S.K.: 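My questions will all concern the structure given below.
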Amino acid sequence: MASDPSNLQIAAAFDELADLYELDGAIVHRVMAYRAAAKAAREATVSVAALTRAGTVTSLAGIGKTLEEKIVALMETGDIPSAVKLRAKYPTGLLEMTRLPGLGPKRARRLFDELGIDSLDALRAAARGEQLRGIKGFGAKFEASVLSSIGAGIGERPAQRVLLHRALTVGEQIVAALREHPAAERVELAGSARRQADSVKDLDIIATASDPGALARALGELDLIASASAPNDNAARGRTHTGLPVDLRVVAPENFGNLLQHFTGSQAHNMALREAAVRRGLHVSEYGILDDDTGETLRCATEEAVYERLGLAYPEPELRENRGELSPDFVPPRLITVDDLRGDLHMHTTASDGRNSIEQMALAARARGYEYIAITDHSATHGFGNHVPPDELERQIERIAEVDARVDGITVLPGTETNILPDGSPDYDDELLSRLGWVIGSVHTSFGMTSAEMTQRMVAAIEHPWIDAIGHPTGRKIQSRQPYALDVDAVIAAAARTGTMLEINSAPDRRDLNDVHARAAAENGVLVLIDSDAHGADRLQHVRWGVATARRAWLTPEQVANTRGWAEFAALRKRARSAA
DNA sequence: GCCGTTTTCGGCCCGACTGTTTTCAGTCG
């Protein structure tokens, strides 16, 4: 391999091995070990390849001697021998087959062994020919289900998840509507939406009610619900008009804490929680906590009671990913909230591709209670007809100064979002950059560089004296674009060394830095910035999504630069530090 | 395959649902 495999690539290799070993009939715990190792690699805050070279990779929980050898092979040869062997044995079509509902690795393997079915096409043909029912454990209903699933396009691609902001927009309306119902008592969102994950698969809602059946029936009657299956006395299931599944469970008040905890997850958190409980002679489920000694089940009205019975500190939902929140020495951090923000350092106006004027942005920011903003339109080489050439930026500086002088109660900084060119330099000259109050550097072109090249480019930008912060540092777009190849450790180290801030961009499809990287940045002493990247005054509120990511990164207000008042923030800018 | 106040082997979370079953394995969350 030309350069070290990234943590994401190592994680992908382990996930693939988990799938292949599962098809191969390995015991479930071995498969789980590979999946756990993939999670460990994906969430490691340092380069797994670098740890491997240093001989310390087995210090990561879930990675032992065997997996260390596989990483070494991946680094030295670009592949893992056992994966090569298993790939030759099981066609990729088999993995696509296991995406169909009701068809897992065991049953897919049986169809492969007994009928030679190795693709969705072959499976459809066999189902049409009624050949599946000849295999023990398969029947006519399964053939019909296969044809319907394949007809619906399931299996051709992994199930698409919905961006958090879209899911919450409708999810919060559904919760609000259910709370209005006369039978409703408590109604709470659970699941990955409650944990503020990047994307969600469905909406889980947990409720208590004076008349459970009435509340369950109410779900399907909401205008927000396009279709619903027949509700029973304590559960209902429906779909929104965009097809997002919604599950409502109505429970007894004395069990509400158990259910809410269970359905908030994450799965990894719950598994680790139950393992910790077993070591104390307790068994946790959605129905309560069973005590081995007494044989009694403790039911919990609140989540707090669940964690308390297990002797654990209460973790906010955003922290429930089994990333240390269940450790005995876990101390709940005071997580940042939207109300902690005092400024926004990344937004656009009509000078580039924004929809509003400088003044409109300033007034909207002031209405949010901010003390300061920076106007950061795109720079000279942005293209798309939205660039700001140097002479135009000079006029923009004048316009911003005029608004800053005229509008009371908020400081408006003249800034730019300058492109980081392939060689790492900004696309305005230093003299012009020095006249600004704030500069964000972002990569918008040449995404295809190697990791070494991209890292060198980014570090050069970080070392530039007039670049105060790096915008959307990895370039990822949730569900649509992978981050560019980049050694994030090196970027964090350079940012810490130079006093350059790293942004959590709040655009709901970016949230970049992500939770894992933002946590690593803060732990290494980098000041994190939460910006809206608003292209209109009504988008300043997008900081909600950046704050959500920051909370998932365990960030406190102290670790986020723009929670400071203006005087303090001003002095933290790299340009102010250099001058001092 | 990992891991250890059950330590180097024998465990490794919990329960519901489904279709094909006559007692359950596999799948799913």
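For clarity, every value in this text was computed on a predicted model and none was experimentally measured. The figures here come from the full heavy-atom set of this structure, side chains too, leaving out hydrogens, waters and symmetry mates. Just so it is clear: chains get the letters A, B, ... in the order the sequence lines come, proteins before strands, and each one is counted from 1.
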S.K.: Within the structure shown, what part of the strands sits under 4.0 Å from Ala277(A) by heavy-atom distance: base, sugar-phosphate, or nothing?
M.R.: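 No contact at all - Ala277(A) keeps every heavy atom at 4.0 Å or more from the nucleic acid.
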
S.K.: Quick one: what's the B/S/- string for nucleotides 24-29 of chain B, heavy-atom cutoff under 4.0 Å, read 5' to 3'?
M.R.: --SSSB

S.K.: What residues from residues 30-58 of chain A pass a heavy-atom cutoff of under 4.0 Å to DNA chain B?
M.R.: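 DNA chain B contact set from residues 30-58 of chain A: Arg30(A), Ala33(A), Tyr34(A).
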
S.K.: On a whole-Å scale, what distance lies between the C1' atoms belonging to dT8(B) and dG1(B)?
M.R.: 14 Å

S.K.: Considering only residues two or more places apart or on different chains, which pairs with a residue in residues 126-145 of chain A satisfy ring-ring contact (aromatic ring centres under 6.0 Å, His included)?
M.R.: Phe138(A)-Phe142(A)

S.K.: With a 4.0 Å cut-off on heavy atoms, is Leu67(A) in touch with a base, just the backbone sugar-phosphate, or nothing at all?
M.R.: sugar-phosphate

S.K.: Residues of residues 114-148 of chain A with any non-hydrogen atom less than 4.0 angstrom from an atom of DNA chain B: list those, numerically ordered, please.
M.R.: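 By residue number: Gly137(A), Phe138(A), Gly139(A), Ala140(A), Lys141(A), Phe142(A).
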
S.K.: Using a 4.0 Å heavy-atom cut-off across all strands, classify Val278(A) as base, sugar-phosphate, or nothing.
M.R.: sugar-phosphate

S.K.: Who passes ring-ring contact (aromatic ring centres under 6.0 Å, His included) against Tyr34(A), sequence neighbours left out?
M.R.: Tyr21(A)

S.K.: Does CZ in Arg124(A) sit with more than 12 non-hydrogen atoms of other residues, nucleotides or ligands closer than 6.0 Å?
M.R.: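 Yes.
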
S.K.: So which nucleotide from dC3(B), dC12(B), dA16(B) ends up closest to the side chain of Glu275(A)?
M.R.: dC12(B)

S.K.: Could you give the distance separating dC13(B) and dT18(B) at their P atoms, to the nearest angstrom?
M.R.: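 Approximately 25 Å lies between the P atom of dT18(B) and that of dC13(B).
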
S.K.: Report, as yes or no, whether the 6.0 Å neighbourhood of atom CD on Glu523(A) holds more than 12 heavy atoms from other residues, nucleotides or ligands.
M.R.: yes

S.K.: side-chain contact (heavy atoms from CB on, under 4.5 Å) between Thr455(A) and Val488(A): does it pass, once the steps are laid out?
M.R.: CA-CA 8 Å; Thr455(A) 303; Val488(A) 179; over 6 Å; no

S.K.: Side chain of Asn7(A), backbone of Arg42(A): donor and acceptor closer than 3.5 Å?
M.R.: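 Checking the backbone N and O of Arg42(A) against the side chain of Asn7(A), no donor-acceptor pair under 3.5 Å is found.
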
S.K.: Can you tell me, in whole Å, how much space there is between the C1' of dG11(B) and that of dA16(B)?
M.R.: 25 Å

S.K.: Starting at atom CG of Leu111(A), determine the distance to atom P of dG19(B), rounded to an integer number of angstrom.
M.R.: 16 Å

S.K.: Quick one, which residues of residues 311-324 of chain A touch DNA chain B with a heavy atom under 4.0 Å?
M.R.: none

S.K.: Evaluate the ring planes of His269(A) and Tyr307(A), with Trp represented by its six-membered ring, and classify them as parallel (under 30°), tilted (30 to 60°) or perpendicular (over 60°).
M.R.: tilted

